[in-house]
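Report on the structure given below.
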Amino acid sequence: MTDADITTATTPVADWQAWQESWDRQQEWYMPDREERFRIMLDMVEALVGPAPRVLDLACGTGTITARLLARFPEATSTGVDLDPALLAIAEGTFAGDERVSLVTADLKDPDWTAKLPYDSYDAVLTATALHWLHAEPLAALYGRVAEIVRDGGVFMNADHMIDETTPRINAAERARRHAQMDAAKAGGALDWSEWWQLAAKDPVLAGPTARRFEIYGEHADGDTPSAQWHARVLREKGFGEARPVWCSPSDTLLLALK
Ligand SMILES: C[S@@+](CC[C@H](N)C(=O)[O-])C[C@H]1O[C@@H](n2cnc3c(N)ncnc32)[C@H](O)[C@@H]1O
């Protein structure tokens with residue numbers, strides 16, 4: 001037996017593609033329209049900054065947006081930034097050796113997080129299902145930093161749960177319908193957030209980073225879900241010229257701001 005055989009026999013390896021797929025299924029349990037949001041996001045990237053953009057995948061998680069970006073626009077480059085060591089480990093495994101991708105560990109609540117980025121400016125900053133982890137005040141501050149790093153003519157897009165508090169009966173009916181659909185999918189075996197993390201904690205490669213992510217966040221960080229109008233107004237106040245939703249479902253919005 002050679003040293004290489006021993007290393008192969010004893011070093012745990014992870015199937016990164018399987019983790020990507022299982023993450024996608026878990027997220028789709030909450031958002032059946034998830035892929036549709038990404039498709040429209042990339043349509044608008046192409047429309048506004050072309051098919052070879054330099055992108056910042058903000059709160060990238062496993063690099064979901066980056067993977068779809070590169071599949072559709074092979075000339076694009078992407079910087080993924082996140083704080084979760086386990087999701088970043090999956091991203092690192094997935095994009096290992098791909099020179100178009102760089103991954104950065106940073107807390108988006110840290111006022112100096114942009115200093116860790118490999119570039120001073122981006123054609124597009126894209127984010128999904130993440131900024132509701134921040135309260136409104138740090139989110140407004142984050143939008144100020146985003147406005148600084150998007151080039152003139154560049155775009156920011158945020159796909160997330162944005163709640164219009166002026167429509168409480170519509171919101172309650174939509175939520176009840178969505179949860180009934182989720183309960184039915186759960187009965188069919190869908191994994192939820194905490195079950196997915198229990199699986200990650202049992203994986204020999206992800207167990208360590210998963211324990212660290214629970215030290216950082218607990219189960220989930222607490223944040224706000226302001227309305228699309230709030231996001232558009234704050235983005236304009238922070239330096240974007242135009243901002244409005246470009247897609248919405250009964251529960252989610254894709255908001256685009258143009259510098
Ligand atoms: C539900 S995941 C979404 C990930 C990915 N965008 C997707 O759509 O699959 C939310 C992500 O936001 C990240 N996040 C939340 N708060 C953060 C912060 N303060 N700094 C950096 N990342 C943060 C989490 O670590 C997590 O990866």
Side-chain angles (χ1 to χ4, degrees), residues 16-17 19-42 55-71 78-92 94-95 101 103-117 124-146 149 156-162 191-197 200 206 209-225 247 249 251-255:
W16 300 119
Q17 199 47 44
W19 279 111
Q20 290 286 358
E21 284 162 18
S22 124
W23 172 258
D24 287 344
R25 296 295 84 76
Q26 176 255 112
Q27 288 285 292
E28 279 167 358
W29 180 63
Y30 296 94
M31 289 156 290
D33 299 322
R34 185 166 175 259
E35 290 301 327
E36 171 79 354
R37 296 190 317 179
F38 292 135
R39 185 178 68 74
I40 304 290
M41 181 182 268
L42 295 182
V55 167
L56 179 64
D57 183 352
L58 192 71
C60 63
T62 62
T64 310
I65 292 174
T66 297
R68 285 147 184 78
L69 172 82
L70 297 178
S78 181
T79 305
V81 58
D82 205 283
L83 185 60
D84 186 313
L87 298 182
L88 279 172
I90 297 174
E92 276 154 14
T94 303
F95 301 109
V101 180
L103 294 163
V104 172
T105 299
D107 184 348
L108 298 174
K109 287 191 276 193
D110 174 352
D112 291 329
W113 67 272
T114 54
K116 295 187 168 179
L117 299 176
V125 176
L126 308 175
T127 188
T129 329
L131 299 190
H132 67 270
W133 289 44
L134 271 61
H135 286 293
E137 203 178 311
L139 177 54
L142 173 65
Y143 278 174
R145 304 318 308 267
V146 169
I149 57 171
F156 167 72
M157 276 183 260
N158 178 13
D160 209 353
H161 198 43
M162 300 182 189
L191 284 188
D192 69 15
W193 177 261
S194 74
E195 289 163 335
W196 190 88
W197 281 110
L206 291 178
T210 297
R212 288 202 298 285
R213 69 89 49 203
F214 275 92
E215 282 163 22
I216 294 168
Y217 288 122
E219 178 84 6
H220 194 295
D222 231 14
D224 293 327
T225 47
W247 175 90
S249 73
S251 61
D252 275 42
T253 300
L254 173 60
L255 196 119

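Both counts, for ligands and for their atoms, begin at 1 and track the order of listing.
- Counting all heavy atoms, side chain and backbone alike, Trp193 lies closest to Glu219 at NE1-O, 3.1 Å.
- Every atom of ligand 1 with a heavy atom of Ala59 under 4.0 Å away is listed here by number and element: 4 (C), 5 (C), 6 (N), 11 (C), 12 (O), 13 (C).
- Regarding atom 5 (C) of ligand 1, its nearest protein heavy-atom neighbour is Cys60 O, 3.5 Å.
- The shortest N or O to N or O distance between Trp23 and ligand 1 is below 3.5 Å.
- Close contacts of ligand 1 with Arg34, meaning ligand atoms under 4.0 Å from a residue heavy atom, involve 7 (C), 8 (O), 9 (O).
- Side-chain rings of Trp19 and Trp196 approach one another, their centers coming within less than 6.0 Å.
- Near Thr129, meaning under 4.0 Å from any of its heavy atoms, are these atoms of ligand 1: 1 (C), 2 (S), 3 (C), 10 (C).
- At the top of the distance list for atom 8 (O) of ligand 1, counting protein heavy atoms only, stands Ala128 O, 3.5 Å.
- Shortest non-hydrogen contact noted between Leu206 and Ala89 is CD2-CB, 4.0 Å.
- Both the backbone and the side chain of Leu108 come within 4.0 Å of ligand 1, judged by heavy-atom distances.
- With a 4.0 Å cut-off on non-hydrogen atoms, Asp107 touches ligand 1 through its backbone as well as its side chain.
- The proximity of Tyr217 to ligand 1, defined as any non-hydrogen pair under 4.0 Å, is limited to the side chain.
- With ligand atoms numbered from 1 in the order given, ligand 1 contributes 1 (C) to contacts under 4.0 Å with heavy atoms of Gln27.
- For ligand 1 and Ala106, the ligand atoms under 4.0 Å from any heavy atom of the residue are 20 (N), 21 (C).
- For ligand 1 and Asp84, the ligand atoms under 4.0 Å from any heavy atom of the residue are 25 (O).
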### Task
Please step through side-chain contact (heavy atoms from CB on, under 4.5 Å) for the pair Arg34 and Thr64, ending with a clear verdict.
CA-CA 11 Å; Arg34 185 166 175 259; Thr64 310; 3.1 Å; yes
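- For the atom pair CG of Asp160 and OG1 of Thr127, the computed distance is 7.5 Å after rounding to the nearest 0.5 Å.
- For atom 13 (C) of ligand 1, the nearest non-hydrogen atom of the protein is Asp82 OD2, 3.3 Å.
- Neither the backbone nor the side chain of Ala221 has any atom closer than 4.0 Å to an atom of ligand 1 (non-hydrogen atoms only).
- At under 3.5 Å, not a single nitrogen or oxygen of Phe38, backbone or side chain, sits near a nitrogen or oxygen of ligand 1.
- For Thr64, a nitrogen or oxygen atom sits less than 3.5 Å from a nitrogen or oxygen atom of ligand 1, counting backbone and side chain alike.
- For the residue pair Arg37 and Thr129, a side-chain donor N or O sits within less than 3.5 Å of a side-chain acceptor on the partner.
- Atom-to-atom distance recorded for Leu126:CG and Arg68:CZ is 12.5 Å, nearest 0.5 angstrom.
- Atom CG of Leu139 and atom CG of Leu108 lie 10.0 Å apart (nearest 0.5 Å).
- With rounding to the nearest 0.5 Å, the separation of CE in Met31 from CD in Gln26 is 8.0 Å.
- In terms of the side chain to side chain contact (heavy atoms under 4.5 Å, CB included) criterion, residue partners of Ser251 (sequence neighbours excluded) are, by chain and number, His161, Glu174, Arg178, Ser249.
- In this structure, the protein non-hydrogen atom closest to atom 15 (C) of ligand 1 is Trp133 CE3, 3.3 Å.
- Taking OG1 of Thr79 as the reference point, atom NZ of Lys116 lies at 14.0 Å (rounded to 0.5 Å).
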